[in-house]
Trainee: 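Got a structure here, written out as structure tokens. Questions coming.
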Amino acid sequence: MDPAHSRKPLSPLPILLLLFLLFLPHQARAVELDQTSWEETIQAADGQTLDWYMWGGSPAINAYVNGFVAHRLKERYNITLRQVPVKDIAEVVSKLLVERQAGKSSDGSVDLMWINGENFRTCKNKGLLFGPFAQRLPNQHYVDWSRPSVYNDFGTPVEGMESPWGSAQVIMIYDTARTPVPPKSMAELITWIREHPGRFTYPAPPDFTGSVFLRQLFYHQGGGASTWQGDYSQQELSSAARATYALLKELKPALWRQGSTYPNSPVRMNTLFADGEIDFSFSYHQAEASRNILDGLFPPTVRSFVFAEGTIANTHFVAIPFNARDKAAAMVAADFLLSAEAQLEKAKAGVWGDFPAIDTTRLPRAQQQQFAELERGPATLSNRELQAHQLPEPPSRVLIYLEKGWQEQVLRER
Amino acid sequence: MSGRRFLGLAILLLVLLPFVPLLLWSVSEQWFYPGLLPQKFGLRSWSYIFSTASSQIAGGLVQSIGLSGVTTCLSLLIGIPAGRALGLYSFAGKRLIALLLLLPVIVPPLCVSMGLHLWFIRLGLAETFFGVVLVHLSFCLPYTIFVLWGVFADYNPEFEEQARCLGAGRLQTLVRVTLPFIFPGLCLAALFSFLLSWSQYLSTLIIGGGKLLTLPILLFSLMDSGDRPVAAAVSLLFVLPALLVLLANGRLLGRQGLSGVR
């Protein structure tokens, strides 16, 4: 044994002490909130203003948050909800990073944020989050934490650092007036693309929706979703990724504009689809097609489907930053969002049509019935149909690897 | 005369034509290819703005007008003396100062804002109204100063001396001689400043940190939605005040140019 090793048992103490002193103000507050009972948390939240930073691109979601949620929070808990709509929540993550760097460890303006995947991973790794808090929310017992898409957020263990809000699943969108018989699997879709040149495209990764299509194709080429959940070697990953890029390169001439360009967002893709330039769109939101029919953006003949082998699904969450000013209000709000009432309202097709984050079978019979009787909208598949066809997300490492590879292999080689 | 009228009409048409699709989109309920006009008209987007999001949008409007107004006034207060010094006097290091003044325009706004953010947090300026005014000023001032520099380069200070000789006080000289002379340039500088501040998104977001929800912040977050009717309605709302300022400015400029004083 070298001397450095023999001295080791002694050294952590001063370091820990130093760390403790360094984070004393922040930690002290956190512990304080950790030990209070739920009633005390509700009392602390009384009169607080909750600044909720979230992607603000959807009028429907904005209306749900500023209407239903804001009113209930005010009525029940005297919490004033102030929604801060942003273009991309990553902007807020970098803001928190700068605040961490500048030593602003309390009194931060972000109380709650809507995140998942990469942004959650960054926040968790850089210590930008308050928590764990999720277990302390009373409505937590409606959540089925054993589901892989709930306890793992894109391969990052959640560990109570964020609380689920809703779930999403990829669906394919088509117009029955143009395509009476859509392909039923990825293999059939690939054949269809070859037979109908110029009628299919996908948003360029790293766009969220384009990226999930890439992963869906990666599962198809790489031996299915289960291969990538547990142990896999770097070699397996690179060979499956190579097969994916090869297929996409081969398909290029059959894509919209011969693959010389790609839509930059799902929104652009939806527009191309609505304008009749392409025959398929797809979305990481089960009710997207119905929603767009309702808003008059898609013709009423549009429908959606999932692949026989399944489509990728995930959960989206809310999290509380380390320096949030109104942590109690944030926790109360996160808990309210999980209530059967809030989840039911959110699931209505005319409101948002987002799928519940809670396991509805854990609810009392009467409330289960309400979920079962929901108006689904003309183009949304049934819960049963969707849940029977869900695939988990691969770890974020795979996601980043594929996005990078796509840029280098598929995009650059025009 | 009729030729001039035709020209005026053509210019008006060129300016207003792009707004026609925006207006149509904002009142459309369904509009699919290949229809030249919307298949179904409706007020969904306007009702979103005036009922669902009304308090947010009204707040944004007030916030934006306040910010741009204060920024414009401050940038004129700083810009007039600076422009005068640069336009009327030659001194050592003038080119260096010109370069320094241009820097915030040359360096990408993202870098300027992010660099300032860290400092603003330490100084307690982040997430305050004044902090956002300061960061807007860093983008507006170069334009204000350069416009006024040009104005003062053509300016003859002897008129002021003449007025003083004839018994005018300092204030009287300023109000009755200097300001009328530079008025058109002043309007132009104010216009630049207002429009630049009005359309700031990134710097408001970074320094304001979501505390100041201006119209561009609300607009940009909605632009992404692909909901064309709502985006069109918000765009119109965003353009309207800027258009009003532009028109008012055009009238002021037309009323009294430099030639009118000569």
Side-chain angles (χ1 to χ4, degrees), chain A residues 51-67 70 82-88 91-92 94-104 107-111 113 175 263 265-277 288 291-300, chain B residues 28-35 38-42 44-45 47-49 51-56 59-60 110 113-124 126-127 201-202 205-213 216-231 233-234:
Chain A
D51 293 281
W52 185 1
Y53 285 57
M54 58 188 282
W55 176 73
S58 158
I61 301 173
N62 291 349
Y64 169 71
V65 169
N66 288 315
R82 184 169 168 275
Q83 183 213 22
V84 180
V86 294
K87 221 168 68 170
D88 185 351
E91 290 163 357
V92 178
S94 44
K95 170 187 149 75
L96 290 173
L97 268 173
V98 175
E99 286 181 356
R100 171 61 91 214
Q101 211 182 329
K104 187 182 163 87
D107 227 22
S109 61
V110 188
D111 294 323
M113 51 184 177
D175 188 347
S265 66
V267 170
R268 276 290 299 149
M269 179 170 65
N270 277 344
T271 324
L272 289 173
F273 172 70
D275 290 345
E277 290 238 359
E288 172 93 355
R291 180 78 230 164
N292 280 340
I293 293 174
L294 220 62
D295 281 350
L297 305 175
F298 283 171
Chain B
S28 75
E29 203 95 312
Q30 284 187 0
W31 195 359
F32 301 115
Y33 176 86
Q39 279 90 359
K40 212 169 126 196
F41 288 92
R44 182 180 66 89
S45 60
S47 89
Y48 175 73
I49 286 179
S51 66
T52 319
S54 60
S55 59
Q56 240 181 13
L110 183 68
S113 310
M114 287 184 66
L116 283 175
H117 187 203
L118 201 64
W119 277 103
F120 276 26
I121 291 177
R122 290 181 180 147
L123 296 171
E127 296 174 11
Y201 166 74
L202 210 63
L205 186 78
I206 292 175
I207 302 296
K211 277 282 150 202
L212 284 97
L213 287 182
I217 288 191
L218 298 172
L219 174 72
F220 272 59
S221 67
L222 273 173
M223 276 304 202
D224 237 20
S225 68
D227 195 326
R228 281 177 185 164
V230 171
V234 181

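A note on names: the letters A, B, ... follow the listed sequences, proteins ahead of strands, and every chain is numbered from 1. As the structure is a computational prediction, the values presented were derived from the model and not from experiment.
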Trainee: D295(A) versus chain B, heavy atoms under 4.5 Å apart: side chain, backbone, both or neither?
Mentor: both
Trainee: Does a donor on one side chain and an acceptor on the other come within less than 3.5 Å for Q56(B) and N62(A)?
Mentor: no
Trainee: So, applying side-chain contact (heavy atoms from CB on, under 4.5 Å) with M54(A), which one of V65(A), V84(A), V92(A) is it?
Mentor: V65(A)
Trainee: Quick one: does L297(A)'s side chain get under 4.5 Å of R291(A)'s, heavy atoms only?
Mentor: no
Trainee: What part of P299(A) gets closer than 4.5 Å to chain B, counting heavy atoms only: side chain, backbone, both or neither?
Mentor: both
Trainee: Need one label for E29(B): side chain, backbone, both or neither, based on atoms under 4.5 Å from any heavy atom in chain A.
Mentor: backbone
Trainee: In terms of relative ring orientation, are Y201(B) and F220(B) parallel, tilted or perpendicular, with 30° and 60° separating the classes?
Mentor: parallel
Trainee: Using a 4.5 angstrom heavy-atom cutoff, name the option from P85(A), A102(A), G67(A) with the most pairs to chain B.
Mentor: P85(A)
Trainee: In terms of heavy-atom proximity below 4.5 Å to chain A, should L118(B) be classed as side chain, backbone, both, or neither?
Mentor: both
Trainee: Thinking salt bridges, do K95(A) and E99(A) make one under a 4.0 Å N-O criterion?
Mentor: yes
Trainee: Identify which part of D51(A) has an atom lying under 4.5 Å from any heavy atom of chain B, answering side chain, backbone, both or neither.
Mentor: side chain
